[in-house]
Novice: 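I have a structure here, written as structure tokens, and I will follow up with some questions on it.
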Amino acid sequence: MNFEDIIKKSVLTLESFQTVSYYEAFVSLAISFAIGMFIYAIYRKTFRGVVYSYNYNVSFVLITMITTLVIMTISTNIVLSLGMVGALSIVRFRTAVKDPLDVVYMFWALAAGIATGAKVYPIALGGSLLIGLVIVWLSKRKIREEAYLLIIRHTDEATAFLRTEIKKLSGKLKSKNVRKNYTEVTYEIKLVDDNTSFLQSIIEAPGVSDASLVNYTGDYAQ
């Protein structure tokens with residue numbers, strides 16, 4: 001293939017992309033940016049993990065916009081769309097995501113970007129708004145039913161007292177380590193409105209050396 005044939009092929013390729021106007025591209029990218037910022041705000045508001053990552057949250061905005069750009073590009077040419085699918089299929093991500101909810105946010109950003117790139121704006125905007133409201137509602141429900149691990153180190157003198165206190169808290173025994181001079185037990189309890197006043201009475205009880213309260217998500221301690 002000589003230089004003239006390459007130029008002709010490039011011109012024909014550019015002509016196939018004239019179905020998307022600059023105005024439509026700008027509107028789609030602007031809407032995807034707005035949806036991405038909405039996802040960013042919801043994630044920041046409802047984050048309950050160990051360490052908040054600004055970079056990870058910003059990636060949702062970029063994923064939404066990039067997905068929109070990819071969908072707009074492949075929608076103009078069926079040959080290019082097949083090539084793009086083949087190229088993306090070899091991309092592998094090795095970043096470990098510990099919280100399953102983070103995967104949901106990533107999938108939300110991808111879905112919003114696809115809908116925006118396909119110019120289905122009502123679904124992209126309305127669906128994102130509904131998903132955001134559901135996540136906020138569920139996060140508030142989670143706060144009211146927060147699970148904690150109560151770790152107590154005590155001697156035999158405090159066994160009867162702790163049995164009564166744990167029964168009041170509806171605690172479930174998770175582990176028990178018996179040493180020569182003390183016993184260490186771990187209970188799973190649920191608190192309402194972060195009321196931890198019971199800790200003071202436990203730590204002041206005879207035979208209790210220390211007590212710790214750790215937030216627990218079911219997968220890892222926070």
Side-chain angles (χ1 to χ4, degrees), residues 36-61 63 93-109 111 128-222:
M37 290 303 298
F38 179 69
I39 298 174
Y40 171 91
I42 294 295
Y43 182 82
R44 185 170 184 177
K45 179 179 178 61
T46 61
F47 179 77
R48 304 290 294 174
V50 183
V51 179
Y52 170 77
S53 174
Y54 171 79
N55 291 336
Y56 185 75
N57 197 4
V58 168
S59 67
F60 296 136
V61 182
I63 287 174
F93 300 94
R94 296 183 178 272
T95 302
V97 181
K98 295 182 179 180
D99 192 346
L101 193 58
D102 288 346
V103 180
V104 174
Y105 278 100
M106 191 173 296
F107 187 71
W108 179 12
S128 295
L129 179 61
L130 181 60
I131 292 172
L133 293 176
V134 170
I135 291 177
V136 170
W137 179 75
L138 289 176
S139 67
K140 291 182 178 179
R141 181 180 177 85
K142 178 182 177 181
I143 292 175
R144 290 197 300 267
E145 299 179 352
E146 199 73 43
Y148 288 84
L149 291 180
L150 177 59
I151 305 170
I152 304 173
R153 183 179 297 179
H154 65 91
T155 62
D156 294 339
E157 183 182 1
T159 301
F161 170 79
L162 291 176
R163 189 175 300 165
T164 303
E165 289 296 316
I166 296 302
K167 188 175 182 180
K168 294 178 182 178
L169 298 171
S170 300
K172 296 180 180 179
L173 182 64
K174 286 293 184 179
S175 67
K176 182 176 182 179
N177 296 321
V178 180
R179 309 289 183 180
K180 288 185 177 181
N181 300 323
Y182 66 89
T183 301
E184 184 177 277
V185 289
T186 302
Y187 294 96
E188 179 183 347
I189 63 174
K190 292 184 179 180
L191 301 183
V192 179
D193 299 328
D194 294 335
N195 184 9
T196 60
S197 59
F198 63 91
L199 271 178
Q200 190 63 31
S201 61
I202 290 179
I203 198 64
E204 292 177 353
V208 176
S209 58
D210 58 72
S212 302
L213 193 63
V214 184
N215 188 220
Y216 179 68
T217 64
D219 296 323
Y220 55 86
Q222 297 181 353

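The figures here come from the full heavy-atom set of this structure, side chains too, leaving out hydrogens, waters and symmetry mates.
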Novice: How long is the straight-line distance from CD of E188 back to CG of L173, given to the nearest 0.5 Å?
Specialist: 11.0 Å
Novice: Could you walk me through whether I39 and I131 satisfy the side-chain contact (heavy atoms from CB on, under 4.5 Å) test, starting with their C-alpha distance in whole Å, then the side-chain angles of each, then the deciding distance to 0.1 Å, before giving a yes or no?
Specialist: CA-CA 9 Å; I39 298 174; I131 292 172; over 6 Å; no
Novice: Check L199 against A211 and note the closest heavy-atom contact, atom names and distance.
Specialist: CD2-CB, 4.1 Å
Novice: Looking only at heavy atoms, what is the nearest atom pair of I135 and W108, with distance?
Specialist: CD1-CZ3, 3.7 Å
Novice: Could you tell me which residues satisfy salt bridge (Lys or Arg N to Asp or Glu O under 4.0 Å) with K167, sequence neighbours excluded, listed by chain and number?
Specialist: none
Novice: Looking at every heavy atom in both G132 and I42, which two are closest together, and how far apart are they?
Specialist: O-CD1, 4.1 Å
Novice: Once side-chain hydrogen bond (donor to acceptor under 3.5 Å, both in side chains) is applied, do any residues pair with Y43, and if so which ones, sequence neighbours excluded?
Specialist: D102
Novice: Which one of Y40, F107, Y105 satisfies the ring pair (Phe, Tyr, Trp, His ring centres under 6.0 Å) criterion with F60?
Specialist: Y105
Novice: Of all heavy-atom pairs between I203 and S209, which one has the smallest distance, and what is that distance?
Specialist: CD1-O, 3.9 Å
Novice: Taking all non-hydrogen atoms of both residues into account, name the closest pair between Y56 and V103 and its distance.
Specialist: OH-N, 4.5 Å
Novice: Give every donor-acceptor pair under 3.5 Å between a side-chain atom in residues 151-164 and any protein atom, sequence neighbours left out.
Specialist:
unit_1	atom_1	unit_2	atom_2	d
R153	NH2	E184	OE1	3.3
T155	OG1	G207	O	3.4
T159	OG1	D156	O	3.1
T164	OG1	A160	O	3.3

Novice: Give the intermediate values and the outcome of side-chain contact (heavy atoms from CB on, under 4.5 Å) for residues F198 and L150.
Specialist: CA-CA 11 Å; F198 63 91; L150 177 59; 4.1 Å; yes
Novice: Identify the heavy atoms of A109 and I63 that sit nearest to each other, and give their distance.
Specialist: CB-CG2, 3.9 Å
